[in-house]
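Here is the naming used below: chain letters follow the sequence lines, and residue numbers restart at 1 for every chain.
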Protein chains: 2
Amino acid sequence: MTDRPQLALAEQLCLPLYAAARGITRRYAEVLSAEGMTYPQYATMLALWDAPGPLTVGEIGERLHLDSGTLTPVLKRLENAGYVARQRDAADERRVLVRTTPEGEALRGRVADVPERVWADTGLQVSDARELRALLDRLLSGLDAIS
Amino acid sequence: MTDRPQLALAEQLCLPLYAAARGITRRYAEVLSAEGMTYPQYATMLALWDAPGPLTVGEIGERLHLDSGTLTPVLKRLENAGYVARQRDAADERRVLVRTTPEGEALRGRVADVPERVWADTGLQVSDARELRALLDRLLSGLDAIS
DNA sequence: CACAACTATATTGTGCACAATCTATTTGCG
DNA sequence: CGCAAATAGATTGTGCACAATATAGTTGTG
């Protein structure tokens with residue numbers, strides 16, 4: 001049997017990735033709980049704030065790698081909270097346009113310092129964060145290329 | 001207002017981490033579905049296979065960063081599938097010892113090539129995987145140091 | 001202009017995650 | 001010893017994720 005060090009390494013990569021993502025999400029959730037928000041709800045708002053205009057459900061899903069089965073209930077909660085409004089696209093009735101409300105825009109300012117607070121707590125160096133970001137982008141590209 | 005590039009970077013790190021972890025978990029789940037397993041169930045088996053003897057629920061939780069609220073139902077499904085056995089520790093009746101069954105040990109061989117298949121598909125270089133692992137470990141250490 | 005194929009979103013069902021709480025044990029400590 | 005504090009695990013309730021399916025709307029082709 002040949003030695004395959006890359007196999008042992010691969011074995012050990014999925015668990016840290018899984019644990020790190022949940023750990024960061026948990027930290028965000030702790031800070032966001034002051035606004036009664038969850039991390040996926042916050043991520044959805046980030047996608048909307050980042051866009052110049054309204055997005056369809058599918059466009060939000062592309063940006064977050066989530067499908068309608070996940071997004072529909074998240075968007076309903078954001079709508080109930082008053083942060084977004086949903087309406088069918090008149091030009092194509094299959095689509096639903098999601099836009100931020102004035103309350104949603106006001107929220108943006110109240111949570112502007114959340115990422116800084118979370119990442120400062122982790123003690124991760126900016127150079128490490130940059131490197132981590134580059135590696136994750138490479139991994140995501142590889143994953144997207146599969147299907 | 002001062003420029004703070006590290007803030008913009010931090011903003012952009014949580015989403016790739018979140019998406020990459022779910023993307024890899026989804027790929028594992030696709031491959032593991034042949035055995036009727038989910039990723040958390042597989043991760044739990046990895047922890048047990050890696051240990052020299054039985055583990056308590058809490059010891060599995062330390063290794064995977066999960067609590068009993070998540071692990072108890074996962075362990076029940078693994079027990080129903082015949083892969084693990086649970087028994088109260090006679091020396092301390094608060095604890096539950098979890099051990100692999102012969103079927104659980106047989107499973108180990110059947111899923112031995114799963115990580116290699118998943119990671120090969122991503123096209124990630126071994127050197128990148130090693131670097132990613134190191135950065136995730138640093139992040140996890142930072143997270144553990146908070147609470 | 002039918003109408004089949006396609007597309008966008010919603011619904012359903014299963015299985016995590018995790019906070020909060022509960023119960024049963026065990027362990028100090030006076 | 002006796003009992004409060006601590007510990008281990010289970011339970012409960014909410015909110016994702018995601019596969020599979022359903023439904024409504026659109027488009028290309030003959």
Side-chain angles (χ1 to χ4, degrees), chain A residues 15 18-34 36-45 54-62 64-81 86-98 143 147, chain B residues 15 18-34 36-45 54-62 64-81 86-98 143 147:
Chain A
L15 291 178
Y18 172 59
R22 285 184 298 108
I24 284 292
T25 298
R26 200 182 309 123
R27 283 292 300 135
Y28 268 90
E30 286 167 10
V31 178
L32 290 168
S33 66
M37 292 198 92
T38 65
Y39 181 75
Q41 289 168 22
Y42 167 77
T44 302
M45 294 306 297
L55 295 177
T56 66
V57 174
E59 287 167 340
I60 298 171
E62 280 174 23
L64 305 181
H65 295 78
L66 291 172
D67 66 7
S68 71
T70 301
L71 284 173
T72 296
V74 170
L75 290 169
K76 283 182 179 175
R77 288 182 199 104
L78 288 174
E79 191 173 38
N80 287 337
R86 294 190 300 163
Q87 60 176 356
R88 287 275 162 191
D89 185 349
D92 183 343
E93 294 276 355
R94 292 171 304 178
R95 297 199 271 188
V96 170
L97 292 173
V98 184
L143 285 168
S147 58
Chain B
L15 291 178
Y18 173 59
R22 284 183 297 108
I24 283 293
T25 299
R26 200 181 309 124
R27 283 292 300 136
Y28 268 91
E30 287 167 10
V31 178
L32 290 168
S33 66
M37 291 198 93
T38 65
Y39 180 75
Q41 290 169 21
Y42 167 77
T44 302
M45 294 306 296
L55 294 177
T56 66
V57 174
E59 287 167 341
I60 298 172
E62 280 174 24
L64 305 182
H65 295 78
L66 290 171
D67 67 7
S68 70
T70 301
L71 284 173
T72 296
V74 169
L75 290 169
K76 283 182 179 175
R77 288 183 198 104
L78 288 173
E79 190 173 39
N80 287 339
R86 294 190 300 162
Q87 62 175 354
R88 287 273 162 192
D89 185 348
D92 183 344
E93 294 276 355
R94 292 172 304 179
R95 297 199 272 187
V96 170
L97 293 173
V98 183
L143 284 169
S147 59

What is the separation between atom [atom1] on [X] and atom [atom2] on [N], rounded to the nearest whole Å?
{"X": "A:Y42", "N": "D:dG15", "atom1": "OH", "atom2": "C1'", "answer": "19 Å"}
{"X": "B:L78", "N": "C:dC16", "atom1": "CG", "atom2": "P", "answer": "8 Å"}
{"X": "B:L15", "N": "D:dA17", "atom1": "CG", "atom2": "P", "answer": "12 Å"}
{"X": "B:R27", "N": "D:dC18", "atom1": "CZ", "atom2": "P", "answer": "13 Å"}
{"X": "A:L64", "N": "D:dC16", "atom1": "CG", "atom2": "P", "answer": "12 Å"}
{"X": "A:Y39", "N": "D:dA17", "atom1": "OH", "atom2": "P", "answer": "9 Å"}
{"X": "B:Q41", "N": "D:dA17", "atom1": "CD", "atom2": "C1'", "answer": "15 Å"}
{"X": "B:E62", "N": "D:dT7", "atom1": "CD", "atom2": "C1'", "answer": "13 Å"}

message: Is there a side chain to side chain contact (heavy atoms under 4.5 Å, CB included) between A:H65 and B:L15? Walk through the geometry before answering.
response: CA-CA 10 Å; A:H65 295 78; B:L15 291 178; over 6 Å; no
- prompt: Is there a donor-acceptor contact under 3.5 Å from the side chain of B:R77 to the main chain of B:T38?
  reply: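 Pair absent, no side-chain N/O of B:R77 close to backbone of B:T38.
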query: So, A:R86 side chain and A:L97 main chain: donor-acceptor pair closer than 3.5 Å or not?
result: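 No; judged by distance alone, with no hydrogens or angles, the pair does not exist.
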message: Less than 4.5 Å apart, side chain to side chain, heavy atoms only: is that true for B:V57 and B:V98?
response: yes
task: Determine, step by step, whether B:L75 and B:I60 satisfy the side chain to side chain contact (heavy atoms under 4.5 Å, CB included) criterion, reporting the C-alpha distance in whole Å, the side-chain angles of both residues, the deciding distance to 0.1 Å, and the verdict.
output: CA-CA 10 Å; B:L75 290 169; B:I60 298 172; 4.2 Å; yes
message: Let me spell it out: for each of A:T25 and A:D89, pick the nucleotide of DNA chain D with the closest heavy atom. Which residue's pick is nearer the 5' end?
response: A:T25
message: Pick the closest DNA chain D nucleotide for A:L66 and for A:A91 by heavy atoms, then say which residue is nearer the 5' end.
response: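 Nearest nucleotide further toward 5': that of A:L66.
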query: Hey, is the side chain of A:Y18 poking within less than 4.0 Å of OP1 or OP2 on C:dA17, counting only N and O atoms?
result: yes
Contact letters for nucleotides 2-14 of chain C, in which S counts primed atoms plus P, OP1 and OP2 and B counts the base, heavy atoms under 4.0 Å: -----BSSBB---
statement: Per atom distances to the B:R22 side chain, the nearest of D:dC16, C:dA17, D:dC18 is D:dC18
message: Quick check for you: among D:dA19, C:dC16, D:dC16, whose closest atom lies nearest to any side-chain atom of B:R26?
response: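 Of D:dA19, C:dC16, D:dC16, D:dA19 is nearest to the side chain of B:R26.
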- prompt: Does a salt bridge link A:E79 with A:K76, judged by any charged N lying under 4.0 Å from a carboxylate O?
  reply: no
field: A:Y39: ring pair (Phe, Tyr, Trp, His ring centres under 6.0 Å) partners, not counting sequence neighbours
entry: A:Y28, B:Y18
